[in-house]
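Below is one structure; the comments refer to it alone.
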Amino acid sequence: MTSIHATEFGTAVLDADPTAPLPGALELTVIVPTFNERDNVPVLVERLGRALVGIEWEVIFVDDDSPDGTANMVRDLAARNPRIRRILRIGRRGLSGASIEGALASTATYVAVMDGDLQHDETLLPKMVKVLRANHFDLVVGSRYLNDANAESFTECRRAISRVSGTIARRLLKVNLTDPMSGFFMMRQDRLQDLAHALSSQGFEIHLDIVATARGSLRILELPGSPEKVNSPQSWP
Ligand SMILES: Nc1nc2c(ncn2[C@@H]2O[C@H](COP(=O)(O)OP(=O)(O)O)[C@@H](O)[C@H]2O)c(=O)[nH]1
Ligand SMILES: [Mg+2]
């Protein structure tokens with residue numbers, strides 16, 4: 001809140017709340033771990049730009065030295081677009097560790113993690129931001145299996161894998177998610193940073209790790225994702 005008041009000298013001064021974000025302050029960092037996603041990067045950036053109008057956002061691509069030149073593609077785009085950042089990791093691999101590293105490089109209020117293969121529906125991002133702003137939930141997950149319309153389009157194989165991973169997550173990790181392998185979520189950066197000390201950074205899907213590590217302290221909302229976004233047969237179970 002900014003207010004104007006008169007001082008004893010009769011001049012008006014701005015009495016700004018020092019904790020209020022200044023215009024242009026970052027609200028959202030989208031973390032995209034990449035391995036051989038060169039051709040998808042410009043498409044994703046363009047889609048993010050369209051989806052996130054009105055939100056101060058950036059994207060951080062965390063690339064593990066992809067042989068197809070993904071990192072150079074990101075650098076070339078970043079030279080023309082300040083919303084694009086890159087972390088280039090040499091001699092390291094791992095989706096979960098890359099996602100955590102990207103999230104820790106963020107100073108935005110919220111961080112989202114999504115795939116670089118165009119599998120996830122970027123139009124969910126503004127809805128996720130809205131949910132988090134309202135502060136009734138700490139973690140929003142894009143689920144492929146939430147509503148019947150989506151579930152109907154899955155093959156038996158996908159459904160079976162979903163059932164098994166859901167059961168494992170519920171039994172072993174005491175986590176109740178319709179899509180524990182989603183890989184598409186958003187949460188407050190400060191909450192993720194706090195939890196990062198205890199995350200495994202390998203093995204589990206990162207949001208599953210986050211939920212298990214938080215031991216019930218996160219208020220979680222799942223939003224229906226859209227399987228129509230699938231652009232490669234390998235992208236979905
Ligand atoms: N940085 C990094 N990214 C990875 C690695 N393995 C996969 N990715 C990226 O992580 C995202 C998810 O991988 P993907 O193969 O789509 O997983 P799936 O959707 O679960 O089959 C994609 O953007 C990949 O390019 C890795 O070792 N390091
Ligand atoms: Mg994928």
Side-chain angles (χ1 to χ4, degrees), residues 27-53 55 57-64 66 70 73-74 77 83-85 94-96 98-103 106 108 110-132 137 139-147 149-151 153-155 158-159 161-162 165-166 169 177-187 189 192 204-211 220-237:
E27 185 170 29
L28 171 68
T29 303
V30 181
I31 313 296
V32 185
T34 52
F35 197 75
N36 289 340
E37 305 285 3
R38 184 193 55 212
D39 295 341
N40 289 328
V41 164
V43 182
L44 182 58
V45 168
E46 204 263 330
R47 289 186 185 179
L48 289 174
R50 261 188 284 134
L52 293 170
V53 171
I55 294 172
W57 64 278
E58 66 174 1
V59 57
I60 301 181
F61 291 94
V62 188
D63 186 68
D64 284 353
S66 302
T70 301
M73 168 62 84
V74 174
L77 292 173
R83 293 195 189 277
I84 302 174
R85 291 172 62 199
L95 168 57
S96 210
S99 305
I100 295 167
E101 207 158 317
S106 164
Y110 307 119
V111 285
V113 174
M114 71 190 295
D115 281 11
D117 60 4
L118 311 177
Q119 165 181 355
H120 294 135
D121 181 359
E122 73 286 344
T123 65
L124 270 191
L125 291 167
K127 295 174 195 163
M128 290 171 156
V129 168
K130 255 190 200 161
V131 168
L132 292 178
F137 296 95
L139 172 67
V140 193
V141 182
S143 167
R144 297 165 292 181
Y145 307 116
L146 200 58
N147 63 23
N150 287 354
S153 66
F154 294 149
T155 62
R158 283 187 198 165
R159 233 192 300 272
I161 290 172
S162 160
S165 57
L177 293 166
T178 61
D179 186 6
M181 307 305 282
S182 146
F184 182 28
F185 67 93
M186 190 186 294
M187 66 184 295
Q189 196 280 343
L192 202 156
F204 295 129
E205 188 69 54
I206 177 181
H207 82 276
L208 195 50
D209 197 357
I210 289 168
V211 173
I220 302 167
L221 178 70
E222 291 186 287
L223 294 177
S226 82
E228 295 82 359
K229 278 283 170 187
V230 177
N231 75 330
S232 98
Q234 280 93 43
S235 297
W236 292 78

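All values below come from the heavy atoms of this structure, side chains included, with hydrogens, waters and symmetry mates left out. As the structure is a computational prediction, the values presented were derived from the model and not from experiment.
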As a quick check of understanding, evaluate side-chain contact (heavy atoms from CB on, under 4.5 Å) for Val131 and Lys127, giving each step before the final call.
CA-CA 6 Å; Val131 168; Lys127 295 174 195 163; 5.6 Å; no
Quick one: are Leu44 and Phe61 in side-chain contact, heavy atoms under 4.5 Å?
yes
Are side-chain heavy atoms of Ile60 and Val111 found at a separation under 4.5 Å?
no
Using a 4.5 Å cut-off on heavy atoms from C-beta on, say whether the side chain of Arg83 contacts that of Val59.
no
Taken to the nearest 0.5 Å, the spacing of Leu192 CG from Ile206 CD1 works out to 5.5 Å
May I ask you to decide if Asp117's main-chain N or O and Asp115's side chain share a donor-acceptor pair within less than 3.5 Å?
no
So, taking the atom named CZ in Phe137 and the one named CD1 in Ile220, what distance separates them when rounded to the nearest 0.5 Å?
10.0 Å
Donor-acceptor pair, Ser182 side chain versus Ser143 backbone, under 3.5 Å?
no
Rounded distance [0.5 Å steps], CE in Met186 versus CG in Leu223
9.5 Å
If you measure from CE on Met73 to OG1 on Thr34, what distance do you get to the nearest 0.5 Å?
11.5 Å
Taking the side chain as every heavy atom from C-beta outward, state whether Met181 and Asp179 have any pair of such atoms under 4.5 Å apart.
yes
Between Gln189 and Ser106, is there a side-chain donor-acceptor contact under 3.5 Å, judged purely by atom types and distance?
no
Over all atoms of both residues, closest heavy-atom pair of His207 and Phe185
CB-CD2, 3.4 Å
Between Leu125 and Ala112, what is the shortest heavy-atom contact and its length?
CD2-CB, 3.8 Å
How close do Thr29 and Ala108 get, heavy atom to heavy atom, and via which atoms?
OG1-CB, 3.3 Å
Rounded to the nearest 0.5 Å, what's the gap from CG on Leu221 to CE on Met128? Could you check?
9.0 Å
Is the backbone N or O of Glu37 less than 3.5 Å from a side-chain atom of Thr70, with the two atoms forming a donor-acceptor pair by type?
yes
Hey, does Ile84 have a side-chain heavy atom less than 4.5 Å from the side chain of Val74?
yes
Ser66 versus Phe35, closest heavy-atom pair with distance
OG-CA, 3.2 Å
Nearest 0.5 Å, what's the CG-CG distance between Leu132 and Leu28?
9.5 Å
Identify the two heavy atoms, one from Gly94 and one from Asp64, that lie closest to each other, and give their separation to 0.1 Å.
N-OD2, 3.2 Å
Non-hydrogen side-chain atoms of Pro33 and Ser99 separated by less than 4.5 Å
yes
